[in-house]
Amino acid sequence: MSNPRSAQDTPTADATSASPNLTGNPQDATYTTAPTPGSGQPPAGDPTPTAAPTNPETSGDTDLGAGTAPDPGPGTVAGGEYSSPRDVDGDGLVDLIHSRVEGVETITHIDEDGAITLVEQDTDGNGTYETGIAPTSGGVRLAEDLDDDGTVDLATHLDSATGAPVRQDVIEGGLITDTQFDTNADGNPDLHLIDSNGDGRFDTAALDTDADGITNDTLVDTNGDGTFDLGTTDTDNDGSQETFDTATDGHLGSIEQFEALIPTEDHYHEQAGTYPGETPAEPTPTDLA
């Protein structure tokens, strides 16, 4: 599990941006000089983890948007640092801050209470925002668009206290297809879940039970019923699975025991159809009106 760049220095939630027009017209923005080193005043748009709200509202999970970095406009020195607070909806409150710090373009989204809900960055300077950082209920989430196609390819979940990665998702076609967990906080993944058939739900679990980096047990749900019917074990820890066990009675367990490690509000449960947040009420004439 990779330790993402400097994401633990910036808050995160769900990586979704509406559109490139969300930042407003840079020509109309008011640019301010970035604070000088040692002034003690952090530049706007470069928030600290303590500013992240506990339960932010998020609008999506896999779309970063195809926005391009806004033109800083006349009078701004190319490559210089600046900050531009903007009231996009005209309600008199700052909705976002467009800034450039050390050459990194950043859009910081702010809710009506002044809490940061999303930070988007163009970290490679190619003119598109490929990194989204946002608070979650359990920490922060760093979402990365690795191929600049406007959708998330890799999402890393960071511990709110230590900033260490605790889970990393591979996302393909809008679906989480591969997830690794560091369940013992030693900095290395020890649980690997895979959706091998692309149906949206994990069917394979690989476990490193002794934290030595070698998979000890692999469990597979071969028929898609949610229970494991094939298990393999590396009995001598040489990296090869020597023993096999098949089951029809469910004694190998089910994928639910591992899905329970994923927060119920996570996008995975939506795609897999597991652990709904609440039972839908029966429709009434009022609901259908």
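What you see below is based on every heavy atom in this structure, not just the backbone, and it leaves out hydrogens, waters and symmetry mates. Residue numbers count from 1 along this sequence.
For Phe202, the ring-ring contact (aromatic ring centres under 6.0 Å, His included) test picks out Tyr268, with sequence neighbours left out. Shown here are the side-chain hydrogen bond (donor to acceptor under 3.5 Å, both in side chains) partners of Thr243, two or more places apart in sequence or in another chain: there are none. Under the rule for a side-chain hydrogen bond (donor to acceptor under 3.5 Å, both in side chains), Asp124 has no partner lying at least two apart in sequence or in another chain.
Glu112 places no side-chain N or O within 3.5 Å of a backbone atom of Leu93 that could act as its donor or acceptor partner. A donor-acceptor pair under 3.5 Å is formed between the side chain of Glu130 and the backbone N or O of Thr123. Looking at Asp212, its side chain does come within 3.5 Å of a backbone N or O of Ile214 through a donor-acceptor pair. Between the side chain of Asp122 and the main chain of Gly127, a donor-acceptor pair closer than 3.5 Å is present. The backbone N or O of Ala211 sits nowhere less than 3.5 Å from a side-chain atom of Asp190 that would complete a donor-acceptor pair.
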Go through Arg86 and His98 one step at a time and tell me if the side-chain contact (heavy atoms from CB on, under 4.5 Å) criterion holds.
-> CA-CA 8 Å; Arg86 306 186 186 182; His98 174 220; 3.1 Å; yes
Test side-chain contact (heavy atoms from CB on, under 4.5 Å) applied to Ile107 and Tyr129, step by step | CA-CA 9 Å; Ile107 298 177; Tyr129 290 95; 3.5 Å; yes
I would like to know whether His269 and Thr274 meet side chain to side chain donor-acceptor pair (under 3.5 Å); could you show each step before the answer?
-> CA-CA 5 Å; His269 293 290; Thr274 58; 2.8 Å; yes
Decide yes or no on side chain to side chain donor-acceptor pair (under 3.5 Å) for Gln168 and Thr156, but give the supporting numbers first.
-> CA-CA 4 Å; Gln168 191 166 76; Thr156 305; 2.9 Å; yes
Checking side chain to side chain donor-acceptor pair (under 3.5 Å) for the pair Glu120/Thr106: CA distance, chi angles, key distance, verdict?
-> CA-CA 6 Å; Glu120 296 176 280; Thr106 301; over 6 Å; no
Given the rule in the side-chain contact (heavy atoms from CB on, under 4.5 Å) test, do Asp147 and Asp153 qualify, once you have shown the distances and angles that lead to the verdict?
-> CA-CA 8 Å; Asp147 53 10; Asp153 304 302; 3.1 Å; yes
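For residues 191-211, every residue pair satisfying the salt bridge (charged side-chain N to carboxylate O under 4.0 Å, His left out) rule, not counting sequence neighbours, is listed here: Arg201-Glu259. The salt bridge (charged side-chain N to carboxylate O under 4.0 Å, His left out) contacts involving residues 215-240 comprise nothing, where partners must be two or more places apart or lie in separate chains. For the ring pair (Phe, Tyr, Trp, His ring centres under 6.0 Å) condition, no pair includes a residue of residues 207-226, sequence neighbours left out.
Neither Val220 nor Leu191 shares a network with the other; the hydrophobic side chains, linked directly or stepwise wherever heavy atoms of I, L, V, M, F, W or Y lie under 4.5 Å apart, form separate groups for each. A continuous path of Ile, Leu, Val, Met, Phe, Trp and Tyr side chains, each step under 4.5 Å between heavy atoms, connects Leu252 with Ile255, placing both in one hydrophobic cluster.
No side-chain heavy atom of Gln180 sits less than 4.5 Å from a side-chain heavy atom of Arg167. Residues Asp145 and Val152 form no side-chain contact, since every pair of their non-hydrogen atoms from C-beta on lies 4.5 Å or further apart. Taking the side chain as every heavy atom from C-beta outward, Leu207 and Phe258 approach each other to under 4.5 Å. Using a 4.5 Å cut-off on side-chain heavy atoms (C-beta onward), Thr218 and Thr204 make contact. Side-chain contact between Ile110 and Leu96 is absent, with no heavy-atom pair separated by less than 4.5 Å. For the pair Leu146 and Leu154, the minimum side-chain heavy-atom distance is below 4.5 Å. Within the 4.5 Å cutoff, the side chain of Ile116 has no heavy atoms near those of the His109 side chain. In this structure, the side chains of Asp178 and His192 come closer than 4.5 Å at one or more pairs of heavy atoms.
Defined by atom type and a distance below 3.5 Å, a donor-acceptor pair is present between the side-chain atoms of His251 and Asp245. Asn188 and Asp182 share no side-chain donor-acceptor pair at under 3.5 Å.
To the nearest 0.5 Å, the span separating CG on Asp148 from OG1 on Thr128 amounts to 3.5 Å. For the atom pair CG (Leu193) and CD1 (Ile262), the distance works out to 6.5 Å, reported to the nearest 0.5 Å. Within the model, atoms CG of Asp266 and NE2 of His157 stand 5.5 Å from one another, a figure rounded to the nearest 0.5 Å. Here the straight-line distance linking atom OG1 of Thr131 with atom CD of Glu144 works out to 5.5 Å at 0.5 Å rounding. Taken to the nearest 0.5 Å, the CG atom of Asp95 stands 5.0 Å off from the CG atom of Asp87. The NE2 atom of His267 sits 7.0 Å away from the CD1 atom of Ile171 when rounded to the nearest 0.5 Å.
Heavy-atom minimum distance, Phe228 versus Ala205: CZ-CB, 4.1 Å. Here the shortest heavy-atom pairing between Ile97 and Ser83 reads CG2-OG, 3.4 Å. Nearest heavy atoms, Ser160 versus Gly139: CB-CA, 3.6 Å.
Within a 6.0 Å radius of CD in Glu242, more than 12 heavy atoms belonging to other residues, nucleotides or ligands are found.
Salt-bridge annotation for Glu81 and Arg100: absent, with no side-chain N of the basic residue lying under 4.0 Å from a carboxylate O of the acidic one.
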